[in-house]
Trainee: 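Below you'll find the structure I mean.
The sequence lines fix the lettering, A, B, ..., with proteins before strands; numbering per chain opens at 1.
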Protein chains: 2
Amino acid sequence: MTEVSVPSDQAKNAVAPDARQHTEHGRERKQQLLDAAAELFADRGYAATRIADICQSAGVAKGLFYWYFPTKSALFAELVRTMRLRLRRTQAQAMDPLTDAVTRISQGAAASVQFMAENAAYFALLDVERSDPTIADVLKEGASVYLEDVCRLVEEGQRAGLIPDDKSDLLAVGVLGAVSSFSNSYRNGRLGTDLTVDELAAFVQRWVRNALA
Amino acid sequence: MTEVSVPSDQAKNAVAPDARQHTEHGRERKQQLLDAAAELFADRGYAATRIADICQSAGVAKGLFYWYFPTKSALFAELVRTMRLRLRRTQAQAMDPLTDAVTRISQGAAASVQFMAENAAYFALLDVERSDPTIADVLKEGASVYLEDVCRLVEEGQRAGLIPDDKSDLLAVGVLGAVSSFSNSYRNGRLGTDLTVDELAAFVQRWVRNALA
DNA sequence: AGCGTTCTTGACCGACGGGTCAAGATCGGG
DNA sequence: CCCGATCTTGACCCGTCGGTCAAGAACGCT
């Protein structure tokens, strides 16, 4: 049993931010930082958003950031992971398990577009340049999971004779590509101001169904 | 007629890099810098590529960069514009003017995918984060031109009864989205190593045709 | 009140990278 | 050879921003 004796002064910040048990107030404060960051990243991008900006927006001093997060990219990673979980839940809820593969794929695609249109902040996170290895890894993590899901559904549809016998991985890329390009254009205001999210989601369903026919 | 008298020492670098008449040797040197930059941007991204890296790769001293380019983003803008022209030429050549709109759209899409697969450097330029206004403007410039072209073709196809009466701008976004998502996945090695560019282009043609059916 | 813990502040540090510029090399023409 | 123009060098400058940390405030428990 080895007990490490650390002088009291030096032990003050020896616990990594990730390993801390925050109080309720601390958790609220942390969330404020995350919310501020999400909004600023969406507005200006990751690189152009400074930690000072985030703290100013959250109404705290810059040094406080490091009580809650070890680095800027660690905050980013946490943001992405949280949003990704929410997206996955949205997708799963939209897919009716009692229906056929094509319908499920297109339901999932429509739900994704809907989620992304309603959560522009999340979508903007995916536009970040991947020069930082931490960031590149985090962004890569989730992308392949949805791709594999869709790929599996495509293969199921092919076995049922609902989808042509083309390469399932390419078809899956096509579905994911549709989701991201429509969401991106909606977010950038390229689709006109009279288009509702529901109309867009319905269109994406048709697009995906047609492409898989 | 006002002639400005400038001391000879101060006039030495008074001409902006853009306004210079370079010698043949100078033009070659400039191209070396552009080539080196294109490769490094593709490999590591814009932000992570320093001017020092570009100069080292081109085998020149860092200060020389500013004889040829006023800023880093000016070099980037020139790169993007050059590549965009080449892409447009490739697209135009691939579209048979004697055939129907759907065929032309899908031919253009296939040619774009082919070009991008064979010019990874160009495609990587489009992944750059848009925090620098100069960069954001340059990237925005060209994107809408192709979109308008495709939109016009879609409308032509709709008048001819070849394409359903859905929103043409959305259908055009779908085509462009397909081009970029397939190119991106190919570039990232997500499509397996046995897929050739020709096979990919052929697949994209089928995908676009189906989606517009 | 005292104490330990959590939280908060903001001046400071140092690495980084875009950009500067004086000095000098090279080239081409007369 | 001389001269003017083009090109080239690399030490230096300076602003930027992520991260540090000593000092102190606030909180909760005994």
Side-chain angles (χ1 to χ4, degrees), chain A residues 6-33 37 40-41 44-77 131-135, chain B residues 6-33 37 40-41 44-77 131-135:
Chain A
V6 186
S8 151
D9 275 1
Q10 286 178 29
K12 187 174 290 187
N13 287 321
V15 183
D18 292 347
R20 284 198 176 104
Q21 301 292 337
H22 295 298
T23 63
E24 183 57 40
H25 174 68
R27 280 194 291 276
E28 284 167 10
R29 180 65 85 196
K30 186 178 176 180
Q31 190 60 46
Q32 277 171 3
L33 287 169
L40 288 167
F41 289 157
R44 331 170 167 181
Y46 175 78
T49 301
R50 304 167 307 154
I51 289 176
D53 300 326
I54 295 167
C55 295
Q56 185 179 36
S57 178
V60 300
K62 179 157 156 303
L64 185 68
F65 185 92
Y66 297 93
W67 181 256
Y68 293 101
F69 303 98
T71 59
K72 186 183 175 185
S73 55
L75 174 146
F76 178 81
S131 42
D132 184 326
T134 306
I135 293 178
Chain B
V6 184
S8 150
D9 276 0
Q10 288 178 30
K12 186 176 289 186
N13 287 321
V15 184
D18 293 344
R20 285 198 175 100
Q21 301 293 340
H22 295 296
T23 62
E24 183 56 41
H25 175 68
R27 280 192 291 275
E28 284 167 11
R29 179 64 87 195
K30 186 178 177 181
Q31 190 59 45
Q32 279 173 1
L33 287 168
L40 288 167
F41 289 156
R44 335 171 166 176
Y46 175 78
T49 302
R50 304 168 306 158
I51 288 176
D53 299 326
I54 295 168
C55 294
Q56 184 178 38
S57 178
V60 301
K62 177 155 160 298
L64 185 69
F65 185 91
Y66 297 93
W67 179 257
Y68 293 102
F69 303 98
T71 60
K72 183 182 176 184
S73 55
L75 176 146
F76 177 81
S131 43
D132 185 327
T134 306
I135 291 178

Trainee: Can you check whether B/Y68 has a side-chain N or O nearer than 4.0 Å to OP1 or OP2 of D/dT8?
Mentor: yes

Trainee: Does A/R29 put a side-chain nitrogen or oxygen below 4.0 Å from OP1 or OP2 of C/dT8?
Mentor: yes

Trainee: For C/dC7, does either OP1 or OP2 sit under 4.0 Å from a side-chain N or O belonging to A/T23?
Mentor: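 Result: yes.
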
Trainee: For the pair made of CD in A/E24 and C1' in D/dG28, what is the distance, rounded to whole Å?
Mentor: 15 Å

Trainee: Can you tell me which nucleotide in C/dC7, D/dC7, D/dG19 comes closest to the side chain of A/Y66?
Mentor: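 For the A/Y66 side chain, the nearest candidate turns out to be D/dG19.
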
Trainee: Counting side-chain heavy atoms from CB outward, which of C/dG19, D/dG18, D/dT9 is closest to A/K62?
Mentor: D/dG18

Trainee: Name the nucleic acid region contacted by A/G26, choosing base, sugar-phosphate or nothing; use a 4.0 angstrom heavy-atom cut-off, strictly under.
Mentor: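 Since only primed, P, OP1 and OP2 atoms lie under 4.0 Å of A/G26, the category is sugar-phosphate.
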
Trainee: Taking 4.0 Å as the cut-off, does a side-chain nitrogen or oxygen of A/K72 come that near to OP1 or OP2 on D/dG18?
Mentor: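 A/K72 to D/dG18 OP1/OP2: side-chain N or O found under 4.0 Å.
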
Trainee: Any base atoms under 4.0 Å from A/I51, or only sugar-phosphate, or nothing? Heavy atoms, all strands.
Mentor: sugar-phosphate

Trainee: Does D/dC7 have OP1 or OP2 sitting under 4.0 Å from an N or O in the side chain of B/W67?
Mentor: yes

Trainee: Just so I know, are the side chains of A/F65 and A/L75 near enough to count as touching, which here means a heavy-atom distance under 4.5 Å?
Mentor: yes

Trainee: In terms of heavy-atom contacts, does CD of A/Q21 have more than 12 from other residues, nucleotides or ligands at under 6.0 Å?
Mentor: no

Trainee: Tell me the interatomic distance from A/F65, atom CZ, to C/dG10, atom C1', rounded to whole angstroms.
Mentor: 16 Å

Trainee: Starting at atom CG of A/L64, determine the distance to atom P of D/dG18, rounded to an integer number of angstrom.
Mentor: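 One finds 16 Å between P of D/dG18 and CG of A/L64, rounded.
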
Trainee: Taking the side chain from A/R44 and the backbone from A/T49, do they hold a donor-acceptor pair closer than 3.5 Å?
Mentor: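 Such a contact is absent between A/R44 side chain and A/T49 backbone.
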
Trainee: Considering heavy-atom distances to DNA chain D, does B/Q21 or B/A61 have its closest nucleotide positioned more toward the 5' end?
Mentor: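 Going by which nucleotide is closer to the 5' end, it is B/Q21.
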
Trainee: Separation of A/R50 atom CZ from C/dC16 atom P, in whole Å?
Mentor: 20 Å

Trainee: Between C1' on C/dG17 and CG on B/L40, what's the gap in Å once rounded to a whole number?
Mentor: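 Answer to the nearest Å: 15 Å.
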
Trainee: Rounded to whole Å, please give me the gap between CD in B/Q56 and C1' in D/dT9.
Mentor: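 Interatomic distance, CD of B/Q56 to C1' of D/dT9: 15 Å.
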
Trainee: After noting the C-alpha distance and the side-chain angles of A/F76 and A/T71, does the key distance pass the side-chain contact (heavy atoms from CB on, under 4.5 Å) rule?
Mentor: CA-CA 9 Å; A/F76 178 81; A/T71 59; over 6 Å; no

Trainee: At under 4.0 Å between heavy atoms, what does B/F69 touch on the DNA or RNA strands: base, sugar-phosphate, or nothing?
Mentor: nothing

Trainee: I'd like to know whether CD of B/Q31 has more than 12 heavy-atom contacts from other residues, nucleotides or ligands below 6.0 angstrom.
Mentor: yes

Trainee: Roughly how many Å is it from CZ in A/F76 to P in D/dG18, rounded to a whole number?
Mentor: 14 Å

Trainee: May I ask you to evaluate whether A/H22 reaches the phosphate of C/dT8, defined as a side-chain N or O under 4.0 Å from OP1 or OP2?
Mentor: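 Answer is no, no contact under 4.0 Å.
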
Trainee: Rounded to the Å, how far apart are A/K30 NZ and C/dT6 C1'?
Mentor: 15 Å

